[in-house]
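Order of the sequence lines fixes the chain letters, A, B, ..., with proteins taken first and strands second; residue numbering starts at 1 for each chain.
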Protein chains: 2
Amino acid sequence: MTEDRRTLIARNSLLLKSFSEQQTDMLLSMSHWHTYQRNQTLFQQDEKARSIHVVVDGWVKLYRITPNGGEAIVSVFTKGQSFGEAVALRGTPYPVSAEAVTDSEVLQIPAAAVTEMVRRDPEAGVTMLAATFSHLHALVAQLEQLKAQTGAQRVAEFLLELSERDEGSCLVTLPYDKVVIAGRLGIKPESLSRAFSKLKEFGVKVSRNNAAIDDIQRLRDFSESDPAAFWNKRS
Amino acid sequence: MTEDRRTLIARNSLLLKSFSEQQTDMLLSMSHWHTYQRNQTLFQQDEKARSIHVVVDGWVKLYRITPNGGEAIVSVFTKGQSFGEAVALRGTPYPVSAEAVTDSEVLQIPAAAVTEMVRRDPEAGVTMLAATFSHLHALVAQLEQLKAQTGAQRVAEFLLELSERDEGSCLVTLPYDKVVIAGRLGIKPESLSRAFSKLKEFGVKVSRNNAAIDDIQRLRDFSESDPAAFWNKRS
DNA sequence: CGCTTGGCTTGACTATTGTCATGTAACCGC
DNA sequence: GCGGTTACATGACAATAGTCAAGCCAAGCG
């Protein structure tokens with residue numbers, strides 16, 4: 001990827017596009033690029049935060065290692081998304097670890113550059129807050145999903161998020177390994193397989209890393225239905 | 001509760017105690033107190049945020065109504081804790097609804113007072129960010145729990161959080177309805193009952209709203225064990 | 001080619017949780 | 001105390017998800 005193209009994507013990222021051009025230039029000049037290969041680690045939980053990370057290409061997962069050794073995926077970010085704003089501003093340790101799940105390009109803005117900028121322009125702090133808040137919001141949505149939906153429903157919603165259109169039929173590409181998808185959705189890979197099978201009856205066909213959705217609305221109906229009510233209707 | 005006592009608690013809340021005395025005075029003078037009865041609503045999701053809320057007494061739950069009509073409890077706050085900082089600063093709608101689960105006293109700081117203060121003292125913005133970040137962190141921890149632990153383990157951890165000591169035996173009082181506890185932990189009330197039964201074998205006895213823990217360390221071991229490994233050992 | 005490897009699927013079985021129905025004990029107003 | 005309500009517990013059963021083991025299949029390689 002060329003320098004220009006990278007920079008263009010970075011400038012249009014959710015975080016940077018809300019800053020002035022001057023500010024962005026300043027930040028970019030102090031930042032550095034980094035490419036990661038699949039499975040390479042960006043940082044570990046409890047490590048002191050040195051930068052904000054802006055994903056420019058590929059996919060990066062944030063996860064936690066649980067006391068008993070398992071891994072819980074907290075979120076997966078892609079092109080245009082950023083993470084670590086809050087920790088960088090406050091200088092606290094990362095609460096999660098980060099790892100590339102595909103080959104990825106990441107822009108890293110040093111924490112010092114960020115704090116410096118906020119000191120000069122407090123308004124920029126509110127922008128950071130906005131980014132943090134949107135992460136908070138995403139986590140709330142995820143909690144809701146985990147507590148109120150079955151595995152198959154979460155898979156359905158995952159597909160719907162990937163699909164661009166909002167009615168009719170559609171073809172989506174699964175962007176990373178099924179092991180990672182399963183983790184992100186809080187189920188085991190085997191259950192993901194079975195969820196895909198179950199979704200066949202709602203017009204979803206999966207082969208390799210491609211999924212075809214016959215009728216987006218039908219899938220949405222399923223993902224939002226009360227599982228209990230659903231099974232009553234059919235039995 | 002007397003005005004003085006309330007104010008004292010409010011001043012010592014996580015949010016306010018990080019502001020200067022002057023700033024706190026200013027905020028307090030613009031805020032108002034509100035008492036809520038059990039089951040009374042503070043605000044609804046999608047409503048425009050008017051204030052930051054500081055719980056001074058009682059317990060308040062934040063929850064979301066899911067598309068299919070269920071409710072997913074996101075968090076439960078008590079004395080000294082605050083919520084809504086990010087929305088108040090940004091003026092976005094609440095992403096959750098709030099309801100008192102016991103009779104409660106709440107200090108409400110108008111959003112305008114907050115933005116005004118941050119404008120005058122940008123450093124205060126960082127304090128807000130800190131509060132928001134700690135909520136973010138709590139949500140991450142909750143996600144991890146939901147994804148990596150069984151119901152019984154989450155119940156165990158809930159008891160451990162309530163217990164003040166960190167070894168030996170201990171007696172804790174369940175602070176609110178079991179329906180709410182179950183919701184907070186992402187299980188049904190019936191499963192909570194059964195989880196309590198299962199915890200008997202780890203020295204936990206529950207009667208009415210009191211729980212006795214024989215050995216805190218033993219309970220912690222259980223809550224952190226790999227459920228699969230555990231069952232292998234015993235079969 | 002055929003072998004190997006990794007990623008995925010399947011099947012059989014178990015564990016966990018939800019659902020529904022029913023029982024029970026405490027609490028409240030009278 | 002009596003009736004009624006509320007909160008909680010329990011049992012039987014169904015659904016959902018995890019575990020373990022085996023198999024499939026395409027990609028890569030000698």
### Query
Within this structure, what is the CZ-to-P distance between Arg194(B) and dC20(C), rounded to whole angstrom?
13 Å
### Query
If you pin Ser197(B) and Ala152(A) to their nearest nucleotides in DNA chain D, which one's is more 5'?
Ser197(B)
### Partners passing side-chain hydrogen bond (donor to acceptor under 3.5 Å, both in side chains) against Gln217(B) (at least two apart in sequence or in another chain)
Asp221(B)
### Query
Tell me, which of residues 183-192 of chain A have any heavy atom that sits under 4.0 Å from an atom in DNA chain D?
Gly186(A), Ile187(A), Lys188(A), Glu190(A), Ser191(A)
### Query
Within this structure, what is the CZ-to-P distance between Phe196(B) and dT10(D), rounded to whole angstrom?
12 Å
### Summary
Rounded to whole Å, CZ of Phe222(A) lies from C1' of dT16(D) at a distance of 12 Å
### Task
Nearest whole angstrom, please: distance from the P of dG11(C) to the NZ of Lys198(A).
14 Å
#### Entry: Distance (rounded to the nearest 0.5 Å) between Leu185(B) CG and Lys147(A) NZ
7.5 Å
Sort me out a list of protein N/O and nucleotides 27-29 of chain D N/O pairs below 3.5 Å, or just none if empty.
none

#### Entry: Test ring pair (Phe, Tyr, Trp, His ring centres under 6.0 Å) applied to His137(B) - qualifying residues, sequence neighbours left out
Phe133(B)
### Query
Taking five pairs at each end, how big is the angle between the two axes of the helix from dC1(C)-dG30(D) to dC30(C)-dG1(D), to 10°?
30°
#### Entry: Sugar-phosphate only, base, or nothing, as touched by Arg154(B) at under 4.0 Å among non-hydrogen atoms
nothing
### Query
Just how far, in rounded Å, is C1' of dT10(C) from NZ of Lys200(A)?
11 Å
### Task
Using ring pair (Phe, Tyr, Trp, His ring centres under 6.0 Å) as the criterion, list what pairs up with Tyr63(A), not counting sequence neighbours.
none
## Note on the structure
Rounded to whole Å, the CG-C1' distance (Asp177(B) to dC8(D)) equals 10 Å
### Message
Going by side chain to side chain contact (heavy atoms under 4.5 Å, CB included), name the residues that satisfy it together with His32(B), two or more places apart in sequence or in a different chain.
### Response
Gln108(B)
### Query
So which of Arg64(B), Arg184(B), Lys61(B) actually passes salt bridge (Lys or Arg N to Asp or Glu O under 4.0 Å) with Glu71(B)?
Lys61(B)
### Query
Who are the ring pair (Phe, Tyr, Trp, His ring centres under 6.0 Å) partners of Phe43(B), not counting sequence neighbours?
His53(B), Tyr94(B)
### Query
Between dG18(D), dT9(C), dA12(D), which one does the side chain of Lys178(A) approach most closely?
dT9(C)
### Query
Can you list the residues that meet the ring pair (Phe, Tyr, Trp, His ring centres under 6.0 Å) rule with Phe77(A), with sequence neighbours excluded?
Phe83(A), His135(A)
### Partner residues of Asn210(B) under the side chain to side chain contact (heavy atoms under 4.5 Å, CB included) criterion, sequence neighbours left out
Leu171(B), Thr173(B)
### Query
In whole Å, what is the span from the OH atom of Tyr176(A) to the P atom of dC8(C)?
13 Å
### Atom-to-atom span, CG of Asn39(B) to C1' of dT6(D) - whole angstrom
12 Å
### Query
Thr7(A): what forms a side chain to side chain contact (heavy atoms under 4.5 Å, CB included) with it, not counting sequence neighbours?
Glu3(A), Arg11(A), Leu28(A), Trp33(A)
### Summary
Sorted by chain and number, sequence neighbours left out, side chain to side chain contact (heavy atoms under 4.5 Å, CB included) with Pro67(A) holds for Glu144(B), Glu224(B)
